[in-house]
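Written out below as structure tokens is the structure these notes cover.
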There are 2 protein chains.
Amino acid sequence: MKKERGFYTVRGYQMLNAENKTLTSSMEDYLEMICRTCREEGYVRVNQLAEMLNVRPSSTTKVIQKLNALGLVDYQKYGIIQPTEEGKAIGDFLLKRHEIIEEFLGILGIEETRLKDTEMIEHDVSLNTLKSIYVLNKFLSENPDIIKRYETFRKRYNVDDVIL
Amino acid sequence: MKKERGFYTVRGYQMLNAENKTLTSSMEDYLEMICRTCREEGYVRVNQLAEMLNVRPSSTTKVIQKLNALGLVDYQKYGIIQPTEEGKAIGDFLLKRHEIIEEFLGILGIEETRLKDTEMIEHDVSLNTLKSIYVLNKFLSENPDIIKRYETFRKRYNVDDVIL
DNA sequence: AAACTTTATTTGCCATGCCTAATAACCAGA
DNA sequence: TCTGGTTATTAGGCATGGCAAATAAAGTTT
């Protein structure tokens with residue numbers, strides 16, 4: 001009988017993470033959106049955030065309070081929301097991560113589901129893998145000939161008809 | 001004020017999925033492992049599965065009962081677990097998906113976190129994106145010259161030192 | 001077959017993250 | 001200032017997916 005140590009359920013990994021006091025996926029989503037908006041408009045409000053995330057304001061309040069307790073956003077009841085310095089630093093990383101994944105999917109030729117896939121995948125990529133994807137993006141955009149070859153290949157292969 | 005429809009939290013997407021009656025990530029993890037094991041040994045038992053997934057037997061029982069109710073596994077109390085035809089079909093897809101992601105990460109040069117990243121990402125990739133990654137893998141393995149170039153690039157770039 | 005061991009299930013608990021409905025605070029215009 | 005409308009918070013509820021402890025079933029030994 002082999003003692004299997006490798007596999008975990010998704011939830012299992014999440015719980016491991018929780019011990020390391022990293023943010024939950026949900027918190028990441030909120031913080032990311034807060035930073036995205038504040039970059040453009042200086043601050044966000046609960047309702048606005050809720051609408052952007054397709055979530056109810058009551059859910060938003062709860063998460064904001066947690067982020068506040070973690071010192072990642074400045075905010076008081078009924079007030080505006082802004083990231084702290086630390087929150088901004090993390091948010092910048094989250095936005096960068098988002099961009100990297102999205103760029104990669106773009107190169108891959110994914111159009112319709114790109115945003116959705118990005119949002120799902122971004123939470124799950126280790127820093128390690130993220131860096132590798134970043135480098136891959138760089139590699140490919142510096143070598144358009146390869147992208148050309150890939151696109152030809154992709155067309156000839158007819159992705160949509162691939163059966164797995 | 002823009003009516004933003006695009007963004008969702010991860011949980012939001014999961015709930016959309018739930019309406020379409022797809023499996024939860026957790027159920028996918030279990031079914032995948034059930035199929036993996038049954039391929040080799042013909043059947044699994046609760047404790048074995050629990051150990052392989054690093055989870056308690058009591059948690060396992062619960063999920064198995066759900067999978068059973070969905071008609072994806074054959075099983076009765078205190079008995080052995082085997083996928084039904086439908087369960088096997090889904091499981092085959094899940095295993096294939098796992099392989100595709102893992103192969104991609106392998107090509108990317110990810111070693112330490114490969115299994116973990118695969119397990120996290122696999123649940124979140126649309127069929128669309130999966131197929132594209134599949135084709136990318138094919139493309140790269142049929143063009144070892146490109147992989148060579150990428151590896152050189154990667155080394156020169158020194159992935160580990162990348163600052164995002 | 002009785003006793004013991006292994007295996008699995010049940011029960012009851014916890015946190016997350018969403019929801020709705022009720023309530024509270026804030027802000028303008030009359 | 002008070003009063004209506006907007007904005008935000010609280011309270012209470014639900015499902016998922018973990019856990020531990022108690023219980024039950026099955027299997028093995030003597």
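In what follows, chains carry the letters A, B, and so on, assigned in the order in which the sequence lines appear, proteins first and then strands, with residues in each chain numbered from 1.
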Is there any protein nitrogen or oxygen under 3.5 Å from a nitrogen or oxygen in nucleotides 17-19 of chain C, and what are the pairs?
{"from": "C:dG17", "atom 1": "OP1", "to": "A:T24", "atom 2": "OG1", "distance (Å)": "2.9"}
{"from": "C:dC18", "atom 1": "OP1", "to": "A:S26", "atom 2": "OG", "distance (Å)": "3.4"}
{"from": "C:dC18", "atom 1": "OP1", "to": "B:T9", "atom 2": "OG1", "distance (Å)": "3.0"}
{"from": "C:dC18", "atom 1": "OP2", "to": "A:S26", "atom 2": "OG", "distance (Å)": "3.3"}
{"from": "C:dC18", "atom 1": "OP2", "to": "A:Y30", "atom 2": "OH", "distance (Å)": "3.4"}
{"from": "C:dC18", "atom 1": "N4", "to": "A:K62", "atom 2": "NZ", "distance (Å)": "2.3"}
{"from": "C:dC19", "atom 1": "OP2", "to": "A:R56", "atom 2": "N", "distance (Å)": "2.8"}
{"from": "C:dC19", "atom 1": "OP2", "to": "A:S59", "atom 2": "OG", "distance (Å)": "2.8"}

Does a side-chain N or O from A:Q65 land closer than 4.0 Å to OP1 or OP2 of D:dT10, or not?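 Checking D:dT10 against A:Q65, a side-chain N or O does come within under 4.0 Å of OP1 or OP2.
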Rounded distance in Å - [atom1] ([X]) to [atom2] ([N]):
| X | N | atom1 | atom2 | answer |
| --- | --- | --- | --- | --- |
| B:L53 | D:dG18 | CG | P | 9 Å |
| A:L67 | D:dT9 | CG | P | 13 Å |
| A:I64 | D:dT9 | CD1 | P | 9 Å |
| B:Y75 | D:dA25 | OH | P | 13 Å |
| A:L49 | D:dT9 | CG | C1' | 15 Å |
| B:Y43 | C:dA8 | OH | P | 10 Å |
| A:Q76 | D:dT9 | CD | P | 11 Å |

Applying salt bridge (charged side-chain N to carboxylate O under 4.0 Å, His left out) as the test, list every pair that has at least one member in residues 141-156 of chain B; sequence neighbours left out.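 Sorted pair list: A:D145-B:R149, A:R149-B:D145.
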Please tabulate, for the side chains in residues 59-67 of chain A, all donor-acceptor contacts under 3.5 angstrom to protein atoms that are two or more places apart in sequence or on a different chain.
{"from": "A:T60", "atom 1": "OG1", "to": "A:R56", "atom 2": "O", "distance (Å)": "3.2"}
{"from": "A:T61", "atom 1": "OG1", "to": "A:P57", "atom 2": "O", "distance (Å)": "3.2"}

Can you establish whether the number of heavy atoms outside B:Y43 located under 6.0 Å from its atom OH is more than 12?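 No - once you tally the heavy atoms of other residues, nucleotides and ligands closer than 6.0 Å, there are 12 at most.
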For residues 104-123 of chain B, which residue pairs pass the ring-ring contact (aromatic ring centres under 6.0 Å, His included) check, not counting sequence neighbours?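 Qualifying pairs: A:F104-B:F104.
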For nucleotides 25-28 of chain C, tabulate all protein N/O to nucleotide N/O atom pairs closer than 3.5 Å, reporting atom names and distance.
{"from": "C:dA25", "atom 1": "O4'", "to": "A:Y78", "atom 2": "OH", "distance (Å)": "3.4"}

Which pairs pass side-chain hydrogen bond (donor to acceptor under 3.5 Å, both in side chains) with one or both residues in residues 98-111 of chain A, sequence neighbours excluded?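 As it turns out, the side-chain hydrogen bond (donor to acceptor under 3.5 Å, both in side chains) pairs with a partner in residues 98-111 of chain A, which skip direct neighbours, are A:E32-A:H98, A:H98-A:E102, A:H98-A:E122, A:E111-A:R114.
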Selection residues 70-93 of chain B - residue pairs positive for side-chain hydrogen bond (donor to acceptor under 3.5 Å, both in side chains), sequence neighbours left out: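 Only B:R39-B:D92 qualify under side-chain hydrogen bond (donor to acceptor under 3.5 Å, both in side chains).
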Please list, one pair per line, the donor and acceptor atoms closer than 3.5 Å that link side chains of residues 9-16 of chain A to other protein atoms, with sequence neighbours excluded.
{"from": "A:T9", "atom 1": "OG1", "to": "A:G12", "atom 2": "N", "distance (Å)": "3.0"}
{"from": "A:Y13", "atom 1": "OH", "to": "B:E119", "atom 2": "OE1", "distance (Å)": "2.9"}

What pairs with B:S126 under side chain to side chain contact (heavy atoms under 4.5 Å, CB included), at least two apart in sequence or on another chain?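 Expected list: A:T113, A:D117, B:N128, B:T129.
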